[in-house]
Structures are given as C-alpha cells and as structure tokens.
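Throughout, protein chains are lettered first and strands after them, A, B, ... in sequence-line order, and every chain is numbered starting at 1. Atoms considered below: every heavy atom in the structure, side chains included; atoms not considered: hydrogens, waters and symmetry mates.
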2 protein chains.
Amino acid sequence: MRKTALIPASVTRGEPQQRCLARDVFDRIGDKWSVEVIYNLTEGTRRFTELRREIDGISQRMLTVTLRALERDGIVRRTVFPVVPPRVEYELTPLGETLRSLIGALVDWSTEHTADVDAARLDYDRRVPETL
Amino acid sequence: MRKTALIPASVTRGEPQQRCLARDVFDRIGDKWSVEVIYNLTEGTRRFTELRREIDGISQRMLTVTLRALERDGIVRRTVFPVVPPRVEYELTPLGETLRSLIGALVDWSTEHTADVDAARLDYDRRVPETL
DNA sequence: CGGTATCCACAGAGATACTG
DNA sequence: CAGTATCTCTGTGGATACCG
C-alpha cells in the first residue's frame with residue numbers, strides 16, 4: 001500500500017488494465033488539471049512556479065499531484081538541479097508529445113465549436129424550459 | 001434555478017465561457033462517463049437499455065445524467081417514440097461525430113501506448129520505491 | 001524554490017425504490 | 001422500457017501551515 005494523503009488514487013489506481021482502454025486514457029488525463037498541465041508544457045520546459053503562475057486557479061498541492069502522476073505514467077520528465085535554492089524543470093517526454101498533439105486537437109475542437117455548443121444549450125433550455 | 005438532484009452541476013454549469021477553452025472541452029467530456037457513451041454511439045443509434053448493457057458499470061441514473069448533458073450540448077440527439085412501452089433512441093449529431101473522431105484518436109493512443117505507460121509506472125515505482 | 005503534511009468541504013457518483 | 005426521487009458515501013480538490 002503506497003497510498004498516502006498527498007498522492008492519492010490518481011497515482012495508486014490503474015496498474016493493470018482490466019477495463020476498456022478508453023477508460024484508461026481518461027483516468028489518466030480526465031482529471032481536473034492534467035490537460036492544462038500538458039498543454040502548458042507545449043513550448044519547452046517549465047519550472048514549478050512558472051506552471052503555477054500560468055495555470056490559473058491551480059493549487060500548489062494539485063500541481064504537485066498532477067505532475068507526479070504524469071511523471072509516473074512517462075508523460076512528463078522531471079529534472080532536479082542540485083542547487084540552492086532548488087530548481088526543478090518539467091518537460092514532456094516523447095510519449096507525452098504524442099499525447100499533447102491529440103490534446104491540441106481537442107482544444108482546437110473546443111475553440112471551433114464553442115458557438116455551436118452554446119447555441120445548442122440555449123435551444124435546449126428553450127425547448128425543455130422548466131421541466132426536469 | 002433549474003438545478004435539481006437528478007441533473008446536477010454537469011448540466012447547470014458552463015453557460016458562458018469565462019475560462020480557458022481547453023477547460024471547456026474537458027468540463028464537457030472529462031467526466032466519468034461521457035467518453036464511453038460517445039464511443040458506444042459510434043455505430044448508429046442505441047436505445048437506453050442497450051447503452052446500459054454495453055457500458056460496463058454505469059448506473060441508470062448516471063446514464064440518464066450523462067445523456068442529458070450531451071443532448072443539451074448538441075452532441076447527442078434523443079428521439080422519443082410515442083409507443084407503449086416507451087422507445088427512446090440516441091445517436092450522435094453531426095457535431096457529436098466530429099468530437100467522436102477525436103475521441104477515437106485518444107482511444108487509439110491509449111491502445112497503442114498502454115505498454116509504454118505500464119512500463120513507465122513499473123520503472124517509476126522501482127526508482128521511487130517507498131518514498132512519498 | 002519547491003515542495004509535504006493535514007484537515008475539510010462539497011460535488012460526483014452509487015444503491016435502492018418507485019412510476020407513466 | 002425508460003426513466004425520477006432520495007439517500008448516502010467516497011474521492012477530488014482547496015486551504016493552510018510547515019520544511020530542506
């Protein structure tokens with residue numbers, strides 16, 4: 001049992017694949033922050049605090065947890081420089097790069113179709129007004 | 001206030017886009033079941049109970065909630081046939097089809113790289129054994 | 001700077017029972 | 001068949017304080 005309070009289920013679970021593979025990929029990147037972390041590693045390496053500044057609203061703890069999970073899955077490489085004060089750099093691995101391009105496609109999809117989705121919501125809320 | 005117990009935040013939230021667009025797409029499909037529902041609508045229409053059987057582990061309530069959210073976003077079309085017993089069919093809209101192809105790419109990625117991820121995890125757990 | 005260690009709140013999800 | 005209505009529980013994620 002390597003489960004601790006700091007690094008919870010996201011890292012612990014999923015060792016064998018007994019489920020649909022579609023679930024696997026989304027257990028991996030479907031949490032609240034992984035996508036934004038990967039996306040923010042697009043242009044080269046980032047330091048911990050840089051990521052913290054660039055990703056709006058993420059807490060220190062969740063950035064740590066997310067980066068550790070991505071590191072364990074071989075998507076992010078973590079490099080510690082033995083200097084004072086500490087310097088830690090994060091970058092995508094080649095594997096992470098392949099995933100990042102897919103995420104880029106999803107972001108593009110979102111950008112292109114936001115208007116469609118908003119229109120669909122307005123339409124739905126008109127058609128199904130006070131029911132539910 | 002159209003929020004109820006049955007249809008919670010997933011449907012209620014996200015009317016304007018004030019966040020990063022990357023977040024939007026994952027608020028939409030990043031929940032526990034949306035991806036599998038969309039994926040199971042790949043080959044034509046499905047009835048409620050068919051989906052329930054095909055998607056392992058989903059509860060009746062979560063299938064309803066997920067389908068309603070996808071319907072509201074214009075990703076799934078819901079057709080009710082006024083017969084007894086009731087017959088309701090679900091299918092992807094054209095918009096949903098474009099999203100499904102991206103999800104297909106993610107599933108393919110997952111299939112192709114499962115071994116890599118598993119290897120990375122084993123390696124990580126050896127390198128960072130009992131720490132944390 | 002780059003983390004850990006705790007504590008805690010709340011939304012997401014499960015189980016169960018009931019219905020047009 | 002295709003849902004609703006509740007009740008409950010769990011885990012995710014936030015806040016805060018401290019450390020090498």
Side-chain angles (χ1 to χ4, degrees), chain A residues 2-14 23 26-37 45-69 71 76 78-90 128 130-132, chain B residues 2-14 23 26-37 45-69 71 76 78-90 128 130-132:
Chain A
R2 66 198 318 283
K3 180 175 183 176
T4 72
L6 214 211
I7 310 291
S10 2
V11 174
T12 304
R13 80 180 159 207
R23 278 254 53 86
F26 270 82
D27 287 346
R28 191 160 298 130
I29 65 165
D31 65 298
K32 192 172 179 184
W33 296 110
S34 288
V35 169
E36 280 191 280
V37 169
T45 71
R46 286 282 185 284
R47 298 184 61 174
F48 187 88
T49 307
E50 287 177 333
L51 286 171
R52 186 149 156 59
R53 268 199 307 269
E54 289 170 13
I55 300 172
D56 189 55
I58 197 170
S59 66
Q60 196 168 20
R61 176 176 167 273
M62 288 318 297
L63 182 54
T64 302
V65 169
T66 304
L67 284 168
R68 287 292 196 285
E71 185 195 4
V76 160
R78 175 170 181 266
T79 310
V80 182
F81 297 88
V83 296
V84 177
R87 176 183 188 87
V88 181
E89 287 187 349
Y90 294 91
V128 194
E130 296 307 319
T131 323
L132 293 187
Chain B
R2 65 199 318 283
K3 181 175 182 176
T4 73
L6 213 209
I7 311 291
S10 0
V11 173
T12 304
R13 80 180 160 207
R23 278 254 54 84
F26 270 81
D27 287 347
R28 192 159 298 130
I29 64 164
D31 66 298
K32 193 172 179 184
W33 297 111
S34 289
V35 169
E36 281 192 280
V37 168
T45 71
R46 285 284 184 285
R47 297 185 60 176
F48 187 87
T49 307
E50 287 177 334
L51 287 171
R52 187 149 155 58
R53 268 199 307 269
E54 289 170 14
I55 300 172
D56 190 56
I58 196 170
S59 66
Q60 197 166 19
R61 175 176 167 273
M62 288 317 297
L63 182 53
T64 301
V65 169
T66 304
L67 284 169
R68 287 292 197 284
E71 186 195 1
V76 160
R78 175 171 180 264
T79 310
V80 182
F81 297 88
V83 295
V84 177
R87 177 183 187 86
V88 181
E89 287 189 350
Y90 295 91
V128 194
E130 297 307 320
T131 325
L132 293 190

Subject >> Integer-rounded Å distance: dA13(C) C1' and E36(B) CD >> reply: 14 Å
Original post:
NA contact type, R52(A), heavy-atom cut-off 4.0 Å: base, sugar-phosphate, or nothing?
Top reply: nothing
Original post:
Closer than 4.0 Å, any side-chain N/O of R68(B) to the OP1 or OP2 of dG3(D)?
Top reply: yes
Original post:
Just by distance, do the side chain of S34(B) and the backbone of G30(B) share a donor-acceptor pair under 3.5 Å?
Top reply: no
Original post:
Is any side-chain nitrogen or oxygen of R78(A) closer than 4.0 Å to OP1 or OP2 of dG3(C)?
Top reply: yes
Subject >> Between dC1(D) (P) and L67(B) (CG): distance, integer Å >> reply: 17 Å
Original post:
Does Y90(A) place a side-chain N or O at less than 4.0 Å from the phosphate oxygens OP1/OP2 of dG3(C)?
Top reply: yes
Original post:
Rounded to the nearest 0.5 Å, how far does CZ of R87(B) lie from OG1 of T49(B)?
Top reply: 10.5 Å
Subject >> For atom CG of L63(A) and atom P of dT4(C), their distance in whole Å >> reply: 11 Å
Subject >> Rounded distance in Å - CZ (R87(B)) to C1' (dG3(D)) >> reply: 16 Å
Original post:
With sequence neighbours excluded, what pairs up with E54(A) under the side chain to side chain contact (heavy atoms under 4.5 Å, CB included) test?
Top reply: N40(A), R46(A), E50(A)
Original post:
For the side chain of R52(B) and the backbone of R47(B), is there at least one donor-acceptor N/O pair under 3.5 Å apart?
Top reply: no
Original post:
Where does the angle between the aromatic ring planes of F26(A) and F26(B) fall among parallel (under 30°), tilted (30 to 60°) and perpendicular (over 60°)?
Top reply: parallel
Original post:
In whole angstroms, how far is the P atom of dA13(C) from the CZ atom of F26(A)?
Top reply: 13 Å
Original post:
CZ of R23(A) versus P of dA13(C): gap in Å, rounded?
Top reply: 9 Å
Subject >> Heavy-atom protein contacts under 4.0 Å, nucleotides 14-20 of chain C, coded B base, S sugar-phosphate only, - none >> reply: BB----B
**OP:** Hey, could you give me the CZ/OG1 distance between R61(A) and T66(A), rounded to the nearest 0.5 Å?
**Re:** 9.5 Å
Subject >> F48(B) vs G30(A), nearer the 5' end of DNA chain D by closest nucleotide >> reply: F48(B)
**OP:** Give the rounded distance in Å between these two atoms: CG of L51(B) and P of dC1(D).
**Re:** 14 Å
Subject >> Euclidean distance, atom CD1 of residue I55(B) to atom C1' of dA13(C) [Å, nearest integer] >> reply: 15 Å
**OP:** Go ahead and write out DNA chain C as dot-bracket, 5' to 3': ( ) for pairs within the strand, [ ] for ones crossing earlier pairs, | when the partner sits on another strand, dots for unpaired; Watson-Crick or G-U wobble, both distances under 3.5 Å.
**Re:** ||||||||||||||||||||
Original post:
How far apart are the closest heavy atoms of V35(A) and I29(A), and which atoms are they?
Top reply: CG2-O, 3.5 Å
Original post:
Do Y90(B) and V37(B) come close enough that some side-chain heavy atom pair is under 4.5 Å?
Top reply: no
Subject >> Separation of E36(B) CD from D31(B) CG (nearest 0.5 Å) >> reply: 10.5 Å
